[in-house]
Every structure is written in structure tokens, then in C-alpha cells.
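Here the structure is laid out as C-alpha cells; the discussion comes afterwards.
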Amino acid sequence: AMLRLRLLTWDVKDTLLRLRQPVGQSYAAEARAQGLQVQPEALGRSFREVYGAQSRRFPNYGHGQGLSSRQWWLDVVKQSFRLSGVQDEAALTKLAEKLYRDYCSSNTWELLPGAAETLSRCRQLGFRMGVVSNFDRRLEAILSHCNLRHHFEFVLTSEAAGFAKPDGRIFEQALRLGGARPEQAAHIGDDYSRDYRAARAAGMHSFLLRAAGQAEGPEVPPEHVLPTLSHLLARIEK
């Protein structure tokens with residue numbers, strides 16, 4: 001069946017861009033540059049624990065709880081280092097501010113295979129394009145630095161929307177921004193519940209990027225699964 005699509009919305013992290021190295025390694029490298037020895041594995045574990053706790057306590061970067069996303073992240077970085085044994089407050093502040101900036105840079109991120117070509121081709125085919133991402137205000141800068149921003153008419157972050165996926169209201173905002181009805185739109189992402197299922201619950205089409213060898217998650221019709229981004233074009237060619 002021909003999908004009559006006008007709008008494609010895209011998740012970013014682990015769909016279009018991924019971190020060049022694990023968080024623990026980046027954090028440990030920055031600590032080394034400041035003369036501190038911290039084990040990357042320990043830092044990675046600390047980060048996951050702190051990030052999880054902060055996300056539960058202050059969902060969506062503390063939106064509506066009086067926190068800025070910048071403060072939210074500075075707290076996460078400092079607390080991750082504290083848990084890993086760094087106690088010097090001046091060093092913690094310096095590390096946090098440097099890492100907050102570093103995560104905006106194209107040195108930190110790399111494109112997934114097929115990302116640039118697929119986005120270019122989708123635009124050539126005349127699709128309207130937007131981003132729908134659980135991310136903070138740095139996303140615009142990250143997309144610009146990675147030379148992807150020009151593909152999109154809008155970049156809707158959970159911070160700006162006030163809602164995070166899987167909340168359907170972020171998809172409703174995206175549909176308004178993209179001037180499309182749900183059945184004219186498809187969302188592409190790598191997370192089953194936040195991307196695939198949430199977009200479908202909002203009445204949109206959706207495709208799940210699921211690399212070969214990835215732990216099999218819930219059943220998804222094979223025609224909705226993308227082994228790589230390059231598989232998208234065959235699914236949506238007008």
C-alpha cells in the first residue's frame with residue numbers, strides 16, 4: 001500500500017547521531033586533562049546511576065521544577081564524578097562546565113551509517129522534515145555542528161515542548177509544526193516505546209531502526225523495521 005506521507009519526523013540520538021565513545025571514557029579523558037585519574041568503567045557506572053536518579057527526580061531536565069537544563073546537566077556530571085571519588089568542588093565545577101560544552105561539539109558525535117544520504121534523499125523526494133527528540137536546548141547546535149540542521153524545518157526538543165516522548169503531546173506539536181495530519185506523517189527512531197509505539201499511538205506511521213544483532217525487543221511487523229537507515233527509502237518512496 002502506498003503511504004501518502006508528507007512529513008517525516010526523526011529521533012536523533014542513536015538514530016541519526018551517536019556518541020563516538022561511551023560517556024565514562026569521555027568523562028575520564030576530560031578528568032585526565034585536568035590531572036585527575038578516574039576509571040572510565042567506574043565513571044560510566046556512576047553516570048548511569050546518577051542520570052537515572054536525576055531523570056526520575058527531575059523529569060525532562062527539570063522542566064516546570066525551576067531547573068534549567070544546563071543546571072540539570074552540571075549536577076549530573078558533578079554527581080557522577082563525586083560518586084567516582086572526586087571531591088574537589090572547584091575541579092568538579094570546571095569539569096562539568098567543560099563537558100557540558102564538549103557535548104555540543106562534532107568531536108563528540110558521529111553520524112550513523114546512511115544518515116546523511118538518507119536525509120538528503122528524503123528532502124529531494126519532497127518530504128517535509130522535523131526532529132522530535134528527548135533532548136535539551138543544545139540539540140540545535142549539535143545538529144548544526146554535525147552539518148544536519150539544514151535538513152529540518154523544525155527541531156522540537158522535549159525541553160522546548162514541555163513534554164517528553166512517549167507523551168503524545170510532543171508528537172501533536174510536531175504535526176502542527178509540520179502542517180500534517182497524523183496519517184500523513186511517519187516517525188523514525190530506535191526506541192520501541194518512546195519512538196515506534198508512541199508515534200503509532202499518536203496516529204502516525206512509524207519505523208523502528210533496529211540494527212542486526214540488537215537484542216530482539218517486542219514484535220514489530222518486518223515492514224516497519226529498518227536494519228539500517230538506508231532501508232527507509234524503499235519503505236516510503238512516493
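What you see is a predicted model; the values in this text were computed from it and never measured. By convention here, the first residue in the shown sequence is residue 1.
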Q: Please examine the side chains of Pro182 and Phe171, heavy atoms only from C-beta on, and report whether any two atoms are closer than 4.5 Å.
A: no

Q.
Grouping I, L, V, M, F, W and Y whenever their side-chain heavy atoms are under 4.5 Å apart, do Trp10 and Leu177 come out in a common cluster?
A. no

Q | Contact summary for Val132 and Ala174, nearest pair of heavy atoms | A | CG2-CB, 3.5 Å

Q) Which pair of heavy atoms, one from Ala115 and one from Leu16, lies closest together, and at what distance? A) CB-O, 3.8 Å

Q | Leu232 to Cys122 - nearest heavy-atom pair and separation | A | CD2-SG, 4.1 Å

Q) Hey, does the side chain of Asp190 reach the backbone of Leu209 with a donor-acceptor pair shorter than 3.5 angstrom? A) no

(Q) I'd like to know if the side chain of Ser158 pairs up with that of Asn60 as donor and acceptor (distance under 3.5 Å, no hydrogens or angles considered). (A) yes

Q) So does Arg137 have more than 12 non-hydrogen atoms from other groups sitting under 6.0 Å from CZ? A) no

Q. Can Val12 be reached from Leu208 by stepping across I, L, V, M, F, W or Y side chains whose heavy atoms are under 4.5 Å apart?
A. no

(Q) For Asp102, is there any backbone N or O sitting under 3.5 Å from a side-chain donor or acceptor partner on Thr108? (A) yes

Q.
Evaluate Arg197 against Tyr192 for side-chain contact (heavy atoms from CB on, under 4.5 Å), listing each step before the verdict.
A. CA-CA 6 Å; Arg197 201 178 62 196; Tyr192 173 78; 3.8 Å; yes

Q) CZ/Arg138 to NE2/His145 distance, rounded to the nearest 0.5 angstrom? A) 12.0 Å

Q: Give the C-alpha distance, both sets of side-chain angles, the deciding distance and a yes or no for side-chain contact (heavy atoms from CB on, under 4.5 Å) between Arg4 and Gln184.
A: CA-CA 6 Å; Arg4 298 263 175 254; Gln184 298 172 314; 5.9 Å; no

Q. Hey, are Arg176 and Gln173 close enough side-chain-wise for a donor-acceptor pair under 3.5 Å?
A. no

(Q) I'd like to know if Glu183 pairs up with Arg6 as an ion pair, taking the criterion as any Lys NZ or Arg NE/NH1/NH2 lying under 4.0 Å from an Asp or Glu carboxylate oxygen. (A) no

Q. Thinking salt bridges, do Arg194 and Asp11 make one under a 4.0 Å N-O criterion?
A. no

Q. Between His224 and Arg200, is any pair of side-chain heavy atoms under 4.5 Å apart?
A. yes

Q.
Do Trp109 and Leu143 land in one hydrophobic cluster if side-chain heavy atoms of ILVMFWY residues count as linked below 4.5 Å?
A. yes

Q: Carefully, step by step, assess Ile142 and Tyr103 under the rule side-chain contact (heavy atoms from CB on, under 4.5 Å).
A: CA-CA 8 Å; Ile142 291 166; Tyr103 273 74; 5.7 Å; no

Q: Could you pull out the closest heavy-atom pair between Ile170 and Ala164, with the gap in Å?
A: CG2-C, 4.4 Å

Q. Which atom pair, heavy atoms only, marks the closest approach of Leu175 to Ala185?
A. CD2-CB, 3.5 Å

**Q.** Which atom of Pro227 lies closest to which atom of Arg235, heavy atoms considered
**A.** CD-NH2, 4.1 Å

Q: Give a yes-or-no answer on whether the side chains of His187 and Thr9 include a donor-acceptor pair shorter than 3.5 Å.
A: yes

(Q) In this structure, is the centre-to-centre distance between the rings of Tyr61 and Trp72 below 6.0 Å? (A) yes

Q. Should the ring pair Phe47 and Trp73 be called parallel, tilted or perpendicular, given that the plane angle runs from 0 to 90° and is split at 30 and 60?
A. parallel

Q. How long is the span from the CD1 atom in Ile236 to the NE2 atom in His205, to the nearest 0.5 Å?
A. 11.5 Å

Q: Determine, for Arg149 against Glu140, whether the closest basic-nitrogen to carboxylate-oxygen distance falls under 4.0 angstrom.
A: yes

Q: Just do the side-chain contact (heavy atoms from CB on, under 4.5 Å) check on Phe127 and Leu5 with the steps written out, would you?
A: CA-CA 8 Å; Phe127 291 106; Leu5 298 176; 3.7 Å; yes

**Q.** Verdict with reasoning, Glu97 to Lys78, per salt bridge (Lys or Arg N to Asp or Glu O under 4.0 Å)
**A.** CA-CA 10 Å; Glu97 289 178 348; Lys78 288 181 189 175; over 6 Å; no

